[in-house]
Q: 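I have a structure here, written as structure tokens, and I will follow up with some questions on it.
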Amino acid sequence: MGAVYEFLSHLYTMTIVFFTVLLLQLIILIRTVAGTILHSCNKPITPTRYLELIEEKNPASRYKRKSSIHDPAECAVCLSALEEGEEVRRLNKCGHTFHRLCLDTWLQGDCATCPLCRTMVVPEEIVVRYRRRHSERSEYEESDDELIFLLSAFHGSNLYRLM
Ligand SMILES: [Zn+2]
Ligand SMILES: [Zn+2]
């Protein structure tokens, strides 16, 4: 009789632990989904989308040396000459040309402006949304860490009680 009672109480505790853990995992899942929905509502821009927007306005091409004197001969980011056939990006607003990789790296940093003349490459609003993504992501990460810590603490204390 005692053994059966012990088994049942053990089963009861196990069930409680199981459902508590399940509930907390459900909360994490809901928060993750809600976070994703919130993200798409605010539409923060991912680095991939940001580069796509730059590409849309300033398509990359293979460098072709022209005879025009206005034709740039040098990439102002890495200060090396633009060679025939190299992948370059010409900014359509100011006409300045750079290596595609040099310019994309530059634009993904703090500046969304032409390295030479400081003309805005993408609208201010897009830059703001691109930067917002960084701050939001870190907020979510922090709060999820707290929840996971809570979950593991709870899980641990119940396991301790079981023993
Ligand atoms: Zn370069
Ligand atoms: Zn420029």
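All values below were derived from every heavy atom in this structure, side-chain atoms included, with hydrogens, water molecules and symmetry-related copies excluded. When a ligand or atom number is given, it counts from 1 through the structure's own listing order.
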Q: I'd like to know if R49 pairs up with E56 as an ion pair, taking the criterion as any Lys NZ or Arg NE/NH1/NH2 lying under 4.0 Å from an Asp or Glu carboxylate oxygen.
A: yes
Q: How wide is the angle at the Zn ion (ligand 1) between SG in C78 and ND1 in H99, to the nearest 10°?
A: 100°
Q: Suppose you place the vertex at the Zn ion (ligand 2); what is the angle out to C117 SG and C114 SG, to 10°?
A: 110°
Q: Work out which heavy atom in Y130 is nearest to a heavy atom in I45; give both atom names and the distance.
A: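 The pair with the smallest heavy-atom distance is CD1-O, 3.5 Å.
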Q: Nearest heavy-atom pair of Y50 and A112: which atoms, and what distance?
A: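 Looking at all heavy atoms of both residues, the shortest contact is OH-CB, 3.5 Å.
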Q: Does a side-chain N-to-carboxylate-O contact under 4.0 Å join R100 and E86?
A: no
Q: If I take the Zn ion (ligand 2) as the centre, what angle separates the SG atom of C94 from the ND1 atom of H96? Nearest 10 degrees is fine.
A: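 The two atoms form an angle at the metal of about 100°.
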